[in-house]
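Below: one structure, written as structure tokens.
Read the numbers this way: they start at 1 and go in the same order the structure lists the ligands and their atoms.
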Amino acid sequence: MARMTGKVALVSGGAQGIGAAVVRRFVEEGASVLVGDVSFRGGELLGHGGAVHAVRLDVTSPEDWASAVRTAVEKFGGLDVLVNNAGVSHIAPVAEHPVEEWERVLAINLTGPFHGIQAVVPALRARGGGSVVNIASTAALRGFRGAPGYTASKFGLRGLTRSAALDLATDHIRVNAVLPGFTRTPATEAIRADPALIALGRTADPAEIAASVLHLASDEASFVTGAEYVVDGGETT
Ligand SMILES: NC(=O)c1ccc[n+]([C@@H]2O[C@H](COP(=O)([O-])OP(=O)(O)OC[C@H]3O[C@@H](n4cnc5c(N)ncnc54)[C@H](O)[C@@H]3O)[C@@H](O)[C@H]2O)c1
């Protein structure tokens with residue numbers, strides 16, 4: 001039997017990159033998926049038929065989250081899984097980092113997942129439990145030059161993951177984080193990675209991140225909560 005049969009998932013920022021790979025993998029494994037994003041320009045989601053439905057979701061808006069959850073329940077009958085994947089970065093050293101960009105990065109990468117968790121909890125409780133997977137980064141483990149806002153947001157997301165895992169455990173809602181290393185997506189197209197810094201000698205394909213998200217989202221990970229899966233080819237090892 002497929003690993004996500006009968007499950008309904010909401011994936012933020014699922015129109016491209018890692019999010020789109022997660023959507024693809026979930027559908028292959030039998031899930032129905034609601035994709036929430038602010039832009040669907042890339043067309044990466046075409047060809048999934050009725051198993052995928054797309055809505056406009058700005059993760060900084062609690063109203064958009066409430067509407068997305070309502071749509072998931074109306075269209076697919078409930079909700080079991082949330083993947084907090086939407087994320088942005090701004091590159092500037094700390095002394096020159098505009099405060100507006102600091103606030104935007106934190107609003108999308110950290111407060112966004114907080115809103116998402118608050119929005120889905122009633123629907124997950126109604127199903128008797130569920131799984132939340134937060135997409136953090138290796139920037140949640142160490143500093144990166146020129147990315148103070150991004151790094152702070154991803155360190156913060158680890159804290160949110162752990163506290164939410166404790167708060168929601170009695171509801172049978174598991175909350176975990178995946179920490180990807182350098183992954184080839186539209187966001188990283190223009191960045192040159194040095195393969196010598198990665199033990200496996202190469203960057204990741206989004207499908208390799210999606211594989212860990214799938215595991216944490218599915219019942220295979222029924223005893224895993226508050227965990228951090230580092231999927232970085234050995235970069236931080
Ligand atoms: N690519 C990497 O190397 C890498 C490494 C570590 C972590 N990550 C994390 O993985 C996640 C996905 O990254 P990616 O590389 O696929 O990025 P991407 O830019 O290719 O895709 C991100 C998606 O999020 C959407 N998005 C942006 N702001 C949004 C908002 N306010 N509300 C809803 N959706 C919004 C974008 O429209 C886009 O579709 C991010 O959280 C990122 O920080 C990426």
Working for side chain to side chain donor-acceptor pair (under 3.5 Å), residues Thr161 and Asn134: CA-CA 7 Å; Thr161 301; Asn134 295 325; 3.0 Å; yes

CA sep, side-chain torsions, deciding dist, call: Asn84, Val132, side-chain contact (heavy atoms from CB on, under 4.5 Å): CA-CA 8 Å; Asn84 275 314; Val132 175; 4.0 Å; yes

Check against side-chain contact (heavy atoms from CB on, under 4.5 Å), Phe182 and Leu197: CA-CA 10 Å; Phe182 195 107; Leu197 299 176; over 6 Å; no

Check against side-chain contact (heavy atoms from CB on, under 4.5 Å), Leu34 and Lys75: CA-CA 9 Å; Leu34 188 75; Lys75 183 128 192 87; 5.7 Å; no

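Interface of Ala86 with ligand 1, defined as ligand atoms under 4.0 Å from a residue heavy atom, comprises 24 (O), 33 (C), 34 (N), 35 (C), 41 (O). Every atom of ligand 1 is numbered from 1 in the order shown, and the set under 4.0 Å from a heavy atom of Phe182 is 3 (O). Of all the atoms in ligand 1, the ones that sit under 4.0 Å from a non-hydrogen atom of Ala187 are 15 (O), 17 (O), 18 (P), 19 (O), 20 (O). Ligand 1 places these atoms under 4.0 Å from at least one heavy atom of Ile108: 31 (N).
Protein heavy atom nearest atom 31 (N) of ligand 1, with residue, atom name and distance: Asp58 OD1, 3.1 Å. When only non-hydrogen protein atoms are considered, atom 23 (C) of ligand 1 lies nearest to Gly13 O, 3.5 Å. The protein heavy-atom contact nearest to atom 44 (C) of ligand 1 is Ile18 CD1, 3.7 Å. Looking only at protein heavy atoms, the nearest one to atom 27 (C) of ligand 1 is Val88 CG1, 3.8 Å. Nearest protein heavy-atom neighbour of atom 42 (C) of ligand 1: Tyr150 OH, 3.6 Å. Nearest non-hydrogen protein atom to atom 32 (N) of ligand 1 is Val59 N, 3.0 Å. For atom 37 (O) of ligand 1, the nearest non-hydrogen atom of the protein is Asp37 OD1, 2.6 Å. Regarding atom 6 (C) of ligand 1, its nearest protein heavy-atom neighbour is Pro180 O, 3.2 Å.
Using a 4.0 Å cutoff on heavy atoms, Ser12 does not count as a contact of ligand 1. Residue-ligand proximity: Lys154 is placed with a non-hydrogen atom under 4.0 Å from ligand 1. Under a 4.0 angstrom heavy-atom cut-off, Ala136 registers as being in contact with ligand 1. Between Gly181 and ligand 1 there is a heavy-atom distance shorter than 4.0 Å. The shell of residues lying under 4.0 angstrom from ligand 1, judged by heavy atoms, includes Val38. Within the 4.0 Å heavy-atom cutoff, Phe40 does not count among the residues contacting ligand 1.
Ionic pairing of Arg25 and Glu29 is present here: one or more N-O contacts between side-chain nitrogen and carboxylate oxygen are shorter than 4.0 angstrom.
In this structure, Gly17 and Pro206 approach most closely via the heavy-atom pair O-CB, 4.0 Å. Trp65 approaches Val59 most closely through the heavy-atom pair NE1-O, 2.9 Å.
For ligand 1, the polar-atom distance check finds no N/O of Thr188 at less than 3.5 Å from any of the ligand's N/O atoms. The shortest N/O to N/O separation between Leu57 and ligand 1 falls below 3.5 Å. Ligand 1 has no N or O atom lying under 3.5 Å from any N or O atom of Thr138, backbone or side chain.
Closest heavy-atom approach to atom 22 (C) of ligand 1 among the candidates Gly19, Gly87, Gly17: Gly87. Nearest-residue assignment for atom 2 (C) of ligand 1 (options Asn85, Thr183, Ile191, Asp64; heavy-atom criterion): Thr183. The closest non-hydrogen atom to atom 10 (O) of ligand 1, taken over Leu157, Thr185, Ile135, comes from Ile135.
The residue from Val35, Val11, Val23, Leu10 that alone fulfils the side-chain contact (heavy atoms from CB on, under 4.5 Å) condition with Val83 is Val11. The only member of Arg127, Lys7, Arg174 that meets salt bridge (Lys or Arg N to Asp or Glu O under 4.0 Å) when paired with Asp80 is Arg127.
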